[in-house]
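Letters A, B, ... are given to chains in the order of the sequence lines, protein chains preceding strands, and every chain is numbered from 1.
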Number of protein chains: 2
Amino acid sequence: MSKPSALASTPAVEDQAPCCPPLAQQRIDAGTAVNLSAAFKALGDPVRLQLMSMIASAPDGEVCVCDLTPAFEVSSSTISHHLKTLREAGLVDAERRASWVYYRPRPALMRQLATLLTPND
Amino acid sequence: MSKPSALASTPAVEDQAPCCPPLAQQRIDAGTAVNLSAAFKALGDPVRLQLMSMIASAPDGEVCVCDLTPAFEVSSSTISHHLKTLREAGLVDAERRASWVYYRPRPALMRQLATLLTPND
DNA sequence: AGTCGAGTTTGACAACTATCGAAGCGGCGT
DNA sequence: ACGCCGCTTCGATAGTTGTCAAACTCGACT
């Protein structure tokens with residue numbers, strides 16, 4: 001780990017479990033609830049949800065922060081803070097190339113959340 | 001509307017739009033983000049996520065609050081408050097029968113969220 | 001009518017969060 | 001080497017949230 005590098009995603013939820021059948025099929029335990037609710041919380045802000053959507057739908061599979069920031073009314077430091085939250089939740093990944101930082105989605109966790117919410121009828 | 005009745009679910013997101021293709025397919029607009037992030041926020045607490053899971057996986061399609069409350073370490077007023085949050089998010093529905101109140105899932109919104117999170121690879 | 005039990009609402013408070021501006025850092029280009 | 005640009009981090013602040021105990025409501029059963 002030569003470089004902590006500020007952009008590392010904390011290896012959240014998706015690494016540690018084969019986790020989880022749909023909510024509607026099986027009650028989840030407290031520990032799992034803590035892990036997964038953190039991801040939902042990260043999506044529980046309008047700005048972050050839009051950021052997530054812009055990142056996940058990027059044609060090239062990644063987006064430059066310089067393209068994200070001007071899409072919102074808030075300051076660039078606020079955007080950076082929201083991106084950090086998404087990173088720490090394990091929903092996105094970041095990489096610096098030259099002067100720019102690019103974000104890309106981490107589909108594993110998204111898929112996990114999607115499965116969790118799938119009704120079983 | 002003879003009785004506002006405290007248990008009414010505020011008719012949230014799921015009523016107002018045919019909404020939404022997966023995040024990964026199409027960027028969502030600000031208004032939609034506000035609506036849907038409210039639902040994610042409601043799931044963004046460990047207690048509420050467990051409550052949601054217990055309600056969604058109930059064998060009879062519904063659960064008595066009297067069965068929910070003892071499953072947690074927090075006070076019954078706190079559980080009630082969390083249930084209200086889930087109701088207001090449009091994720092669950094409540095009905096009083098005799099002395100007891102029963103909660104049931106509202107799959108429409110859950111399905112919407114699940115679709116939204118489905119990666120398109 | 002009176003009481004009890006199940007849930008909800010209210011009020012209060014500590015803890016957390018979204019936001020900003022300012023300061024910091026890492027790379028480029030001159 | 002120097003200054004600029006893109007982005008992140010820091011420090012401060014107003015607003016929101018999770019929690020509890022206490023007060024209240026609704027229905028059931030004497």
Side-chain angles (χ1 to χ4, degrees), chain A residues 2-10 30 33-34 37-38 40-52 55 62-89 92-104, chain B residues 2-10 30 33-34 37-52 54-55 62-89 92-104:
Chain A
S2 43
K3 261 200 168 184
S5 102
L7 294 176
S9 308
T10 7
V34 169
S37 66
F40 284 123
K41 188 192 257 183
L43 296 173
D45 175 278
V47 173
R48 283 196 298 266
L49 190 55
Q50 276 186 95
L51 284 169
M52 190 67 220
I55 296 168
E62 62 178 16
V63 166
C64 177
V65 175
C66 61
D67 291 326
L68 296 172
T69 306
F72 300 86
E73 297 293 301
V74 300
S75 74
S76 89
S77 76
T78 297
I79 294 298
S80 186
H81 168 248
H82 282 310
L83 289 171
K84 183 183 192 176
T85 302
L86 291 173
R87 246 158 46 219
E88 289 178 343
V92 301
D93 235 342
E95 181 192 355
R96 168 158 222 150
R97 288 205 303 277
S99 288
W100 297 276
V101 176
Y102 296 87
Y103 278 77
R104 82 181 81 244
Chain B
S2 41
K3 264 199 167 185
S5 105
L7 294 176
S9 309
T10 5
V34 170
S37 67
F40 284 123
K41 189 192 259 183
L43 297 173
D45 175 277
V47 173
R48 284 196 297 268
L49 189 55
Q50 274 187 97
L51 284 169
M52 191 67 220
M54 293 175 74
I55 296 168
E62 62 179 15
V63 171
C64 177
V65 174
C66 61
D67 291 326
L68 296 172
T69 307
F72 298 86
E73 297 292 302
V74 300
S75 74
S76 90
S77 77
T78 297
I79 295 296
S80 186
H81 168 248
H82 282 311
L83 288 170
K84 183 182 192 178
T85 302
L86 290 173
R87 246 158 45 219
E88 288 177 344
V92 301
D93 235 342
E95 182 192 356
R96 166 159 224 149
R97 288 205 304 277
S99 288
W100 298 276
V101 177
Y102 296 86
Y103 278 77
R104 83 180 79 245

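Taking atom OH on A:Tyr102 and atom P on D:dT8, their separation rounds to 13 Å, with Å as the unit. In this entry the distance linking CD of B:Glu95 with C1' of D:dC26 reads 15 Å, nearest Å. In this structure, A:Arg97 places its CZ atom 22 Å from P of D:dC5, rounding to the nearest Å. Summarising the geometry, the separation between CG on B:Leu86 and P on C:dT8 is reported as 12 Å, rounded to the nearest angstrom. Atom CZ in B:Phe72 sits roughly 14 Å away from atom P in C:dG7 (whole-Å rounding). Rounded to whole Å, the distance from CG on A:Leu83 to P on D:dT8 is 6 Å. The distance from atom CD1 of A:Ile79 to atom P of D:dC7 is 11 Å, rounded to the nearest whole Å. Separating the CH2 atom of B:Trp100 from the C1' atom of D:dA28 is a distance of 8 Å, rounded to the nearest angstrom.
Put simply, B:Ser99 has no side-chain N or O that comes within less than 4.0 Å of OP1 or OP2 on C:dA6. Residue B:Tyr103 has a polar side-chain atom (N or O) positioned under 4.0 Å from OP1 or OP2 of C:dT8.
Here D:dG6 is the nucleotide among D:dT9, D:dG6, C:dC28 with the atom lying nearest to any side-chain atom of A:Cys66. For A:Arg96, taking side-chain heavy atoms from C-beta onward, the closest of the listed nucleotides C:dG7, D:dT9, D:dG6 is D:dG6. With D:dA28, C:dT9, C:dG7 as the candidates, the nucleotide lying closest to the side chain of B:Lys84 is C:dT9.
Distance check, rounded to the nearest 0.5 Å: NE2 of B:His82 to CG of B:Asp45 gives 4.5 Å. For the atom pair NZ of A:Lys84 and CZ of A:Arg48, the computed distance is 13.0 Å after rounding to the nearest 0.5 Å.
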For nucleotides 17-23 of chain D, tabulate all protein N/O to nucleotide N/O atom pairs closer than 3.5 Å, reporting atom names and distance.
residue	atom	partner	partner atom	Å
D:dT17	OP1	B:Lys41	NZ	3.1
D:dG18	OP1	B:Arg48	NH2	3.1
D:dG18	OP2	B:Arg48	NH1	3.1
D:dT19	OP2	B:His82	NE2	2.5
D:dC20	OP2	B:Ser75	N	2.7
D:dC20	OP2	B:Ser75	OG	3.0
D:dC20	OP2	B:Thr78	OG1	2.7
D:dA21	N6	B:Ser77	OG	3.3

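A heavy-atom distance below 4.5 Å is not found between the side chains of B:Met54 and B:Tyr103. Using a 4.5 Å heavy-atom threshold, the side chains of A:Val92 and A:Leu83 count as separate.
Across all their heavy atoms, A:Ala42 and A:Ala89 have their closest contact at CB-CB, 3.6 Å.
Listed by chain and residue number, A:Ala58, A:Asp67, A:Leu68 satisfy the side-chain contact (heavy atoms from CB on, under 4.5 Å) test with A:Val63 (two or more places apart in sequence, or in another chain).
For the side chain to side chain contact (heavy atoms under 4.5 Å, CB included) criterion with B:Val101, the lone passing option out of B:Arg96, B:Glu95, B:Glu62 is B:Arg96.
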